[in-house]
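Counting starts at 1 for both ligands and their atoms, following the listed order.
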Amino acid sequence: MVDLLDKFDSIVAQRTALPFEEADPFTVVMDKIISETEAIINGRPTILAGTNNYMGMTFNQEALEAAHKALDDFGTGTTGSRVLNGTYGSHKTLEARIAEFYGVEHCMVFSTGYQANLGMISTLAGKNDYVIIDADSHASIYDGCAMGNATIVRFKHNDVAQLERRLKRLPEDAGKLLVVEGIYSMLGDSAPLKEILELGKEYGCETLVDEAHSMGFCGEKGRGIAEDLGVEHMVDYIVGTFSKSVGTIGGFAVSNHPKFDVLRLVCRPYVFTASLPPSVVASAIASIEAISRAGNRRAHLWENAKMLHGGLKEAGFDLATEKAESPIIAVCLPDIETATHFWENLLKEGVYVNMAVPPATPVGYNLMRVSICAQHTTEQVQEIITRFINTAKKINLKLGNA
Ligand SMILES: Cc1ncc(COP(=O)(O)O)c(C=O)c1O
């Protein structure tokens with residue numbers, strides 16, 4: 001008899017070969033969450049610098065109160081799909097608020113951002129269609145492509161010239177969906193969205209932009225990179241998540257497409273799953289409301305990101321981007337073993353970041369991925385920089401300016 005899990009033996013072997021001593025990034029446990037920026041991990045007070053909690057909304061007072069009230073009033077869950085018993089008034093209110101936030105007609109809320117991409121892409125781009133994606137796209141985008149059965153056309157990350165060569169070869173009269181992200185989650189770099197969308201439109205594509213890592217702090221109102229670059233009119237669908245800037249869980253898609261609502265009947269990851277619990281919906285409504293008037297918070301987040309990028313760069317770390325293009329600052333390390341030592345020793349120093357290595361990252365990138373938060377104080381950002389430098393000394397990592 002074949003053991004169906006045997007095919008993963010090489011992955012297990014690879015993982016067990018990594019030289020971790022006490023903690024490893026795949027099994028780390030947050031023993032106690034003290035605030036948006038601090039936790040107890042392995043008994044030690046730790047600065048959280050790898051949570052995607054960009055706008056620091058997880059302890060927002062209004063969101064907490066709204067969630068508590070919804071829990072008391074409506075219970076712990078809906079126990080049903082949106083198209084059966086799982087649509088409450090608050091789900092409709094949330095969709096209306098998001099549509100208003102984006103200044104569009106339609107919004108559909110999903111149970112996660114993963115399902116929003118899975119559902120939107122697989123339903124829009126089916127058999128006989130083409131879906132054109134950046135090679136560094138998130139797994140949810142790849143999985144949406146696979147589920148929809150369209151022909152996948154990949155172009156090199158952010159390579160506009162290659163995108164045009166690919167588009168030129170596609171049949172003029174075929175259905176085409178061009179999908180990109182606003183900010184890429186691993187390297188923290190932004191897409192040349194204007195050029196990409198112009199090409200998409202020139203070659204007859206519908207366009208979908210995933211703003212998972214740009215909503216909340218990019219653009220004047222916090223709608224994302226498309227708003228920031230003034231190109232929202234060229235985007236047919238925006239997908240986003242509540243699991244980052246919004247500080248809870250869930251996903252959404254917005255659009256002005258007049259036929260948008262048919263998706264509620266045919267989009268399987270929307271139809272065949274339970275809807276979000278009322279407490280989550282209530283906190284998302286409050287949080288998005290807070291984000292829409294959070295100009296100061298946004299400004300502080302960008303100050304933090306620039307300070308962190310500048311401090312690490314000055315210390316001689318090899319960074320994935322020339323300047324802070326987002327609150328994600330990715331520190332590149334030479335190999336996976338060094339990444340392993342660095343991550344574990346940085347945690348001992350009291351800083352939690354994400355260790356990100358292939359296949360989660362583009363080939364050759366072994367990263368300490370830092371995501372900074374609007375609630376980090378200037379002192380905490382300085383501490384993160386100091387502790388990065390201490391860790392580099394401890395493991396004898398040669399820095400660029402040494
Ligand atoms: C670019 C991108 N899209 C979508 C998602 C999925 O979001 P969620 O956590 O809501 O499932 C993620 C999550 O990391 C992401 O990075």
So, Arg297 and Tyr54: side-chain donor and acceptor under 3.5 Å apart, yes or no? no
Using ring-ring contact (aromatic ring centres under 6.0 Å, His included) as the criterion, list what pairs up with Phe260, not counting sequence neighbours. His106
If you count every heavy atom of other residues, nucleotides or ligands that lies below 6.0 Å from Lys348 atom NZ, does the total exceed 12? yes
Select all protein residues for which some heavy-atom-to-ligand 1 distance is less than 4.0 Å, and list them by chain and number. Thr112, Gly113, Tyr114, Asn117, His138, Ser140, Glu181, Ser185, Asp210, Ala212, His213, Thr241, Ser243, Lys244, Gly250
Salt bridge (Lys or Arg N to Asp or Glu O under 4.0 Å) partners of Glu349, counting only residues at least two apart: none
Taking the side chain as every heavy atom from C-beta outward, state whether Glu206 and Leu178 have any pair of such atoms under 4.5 Å apart. no
Taking side chain to side chain donor-acceptor pair (under 3.5 Å) as the test, write out the residues that go with Asp228, two or more places apart. none
